[in-house]
Amino acid sequence: MQERLKELQQEALEAVQKAVDLKELNEIRVSYLGKKGPITEVLKGMGKLSAEERPKMGALANEVRDIISSGIEEKQKVLEEEAVQKKLASETIDVTLPGRPVNSGNHHPLTRIIEEIEDLFIGMGYTIAEGPEVEKDYYNFEALNLPKGHPARDMQDSFYISEEILLRTHTSPMQARTMEKNEGKGPVRIICPGKVYRRDNDDATHSHQFMQIEGLVVDENIRMSDLKGTLDVFAKKMFGDDREIRLRPSFFPFTEPSVEMDISCKICKGHGCNVCKGTGWIEILGAGMVHPNVLEMAGYDSTKYTGFAFGMGPERIAMLKYGVDDIRHYYTNDIRFLKQFSMHE
Ligand code: DAH
């Protein structure tokens, strides 16, 4: 019996040595040390032994078991280490390989220009106001000094939803809404970006839906020179310090006096070229001093308060800044167009 146990020990240790992977090692463990294994089988014959020999044989069996299982344990460590090394070798990274490009999106050029304009005015103490695109005729026209039947309403062909409700044709209604909310008190200093809608046929410079940014400042002692100074800062920050501005007399029912602002042409520096149609100037926005009627209708005392307002089209500003030649590019979202505004290339 003793010999048989020693034989088993020898056999098992040899098998352990030969094992090539953890699976095989586990099979050896089960077959030698398991309940149905040969050691258990040998010990079944213990009954035939004398009382003296029995404990010795038991101790020997335990010893053999311990030797086999520590052999297995050692081999297990070796095999585990081998497995790790193998895995590491198969996963080697070649750090000299070029990386795979990350396909990232970027802000839409219009979003970018609007955020730039917002930041610029926030820096001057303005806050951002947003209002409804489905607007009341009252705010879109009447409160802006455009009563029903006013001929200037035709300048902005409108999408009416009912007699009194329409898609706003400009962001100017936010002037009336903001002043009304402020209940006749100054100061007011807002810009209002948003979508507007007009019944225009789409072409290179027109779109039935486009963006506007409205500005409004109301306080005591606001003068035309404040408007001019503000617009000058805006133009220089947006287009470069070397750009000049000029104000031309114009007409808007909600401002008096009204002006249109031009900036000097970047291409020809004011000498005249085909971008500025030979004039040396490019029209940028409409502006003026808030009409007393507009102040009064919104609850402001027009003998105490004055204000200025302006309205601009970010599409046009982005067109000039980035050299875009067709407004429809902003809306058709051709990826080849949008990619040109990526900050990652
Ligand atoms: N709302 C005008 C338009 O859509 C633009 C405009 C002009 C806004 C003069 C103003 C302003 O606030 O003072 O054509």
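Numbering of ligands and ligand atoms starts at 1, following listing order.
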Ligand-residue contact atoms, ligand 1 with [X], heavy atoms, under 4.0 Å:
{"X": "Gly286", "value": "7 (C), 9 (C), 11 (C)"}
{"X": "Phe252", "value": "7 (C), 9 (C)"}
{"X": "Thr255", "value": "13 (O)"}
{"X": "Gln212", "value": "3 (C), 4 (O)"}
{"X": "Gln175", "value": "12 (O)"}
{"X": "Gly288", "value": "13 (O)"}

Students should be able to answer this: which protein heavy-atom is nearest to [atom], and at what distance?
{"atom": "atom 12 (O) of ligand 1", "value": "Glu214 OE2, 2.6 Å"}
{"atom": "atom 5 (C) of ligand 1", "value": "Gly311 CA, 4.1 Å"}
{"atom": "atom 11 (C) of ligand 1", "value": "Phe254 CE1, 3.6 Å"}

Do [Y] and [X] meet the salt-bridge criterion of a basic N to acidic O distance under 4.0 Å?
{"X": "Asp326", "Y": "Arg328", "answer": "yes"}
{"X": "Asp232", "Y": "Lys236", "answer": "yes"}
{"X": "Arg177", "Y": "Glu135", "answer": "yes"}
{"X": "Arg246", "Y": "Asp262", "answer": "yes"}
{"X": "Glu116", "Y": "Lys321", "answer": "yes"}
{"X": "Asp137", "Y": "Arg153", "answer": "yes"}
{"X": "Lys148", "Y": "Glu142", "answer": "yes"}

Contact between ligand 1 and [X] is defined here as a heavy atom of the residue under 4.0 Å from a ligand atom; is it met?
{"X": "Gln156", "value": "yes"}
{"X": "Arg198", "value": "yes"}
{"X": "Met312", "value": "no"}

Is there a polar contact between ligand 1 and Thr169, counting only N or O atoms under 3.5 Å apart?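 Such a contact does not occur with ligand 1.
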
Between the side chains of Asn140 and Thr169, is a donor N or O closer than 3.5 angstrom to an acceptor N or O?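 A donor-acceptor contact under 3.5 Å links the two side chains.
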
Is it the case that the ring center of Tyr322 lies less than 6.0 angstrom away from the ring center of Tyr330?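 Ring centroids of Tyr330 and Tyr322 are no less than 6.0 Å from each other.
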
Nearest non-hydrogen atom to atom 13 (O) of ligand 1 belongs to which of Gly215, Pro173, Ser172, Ala309?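 It is Ala309 whose heavy atom sits nearest to atom 13 (O) of ligand 1.
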
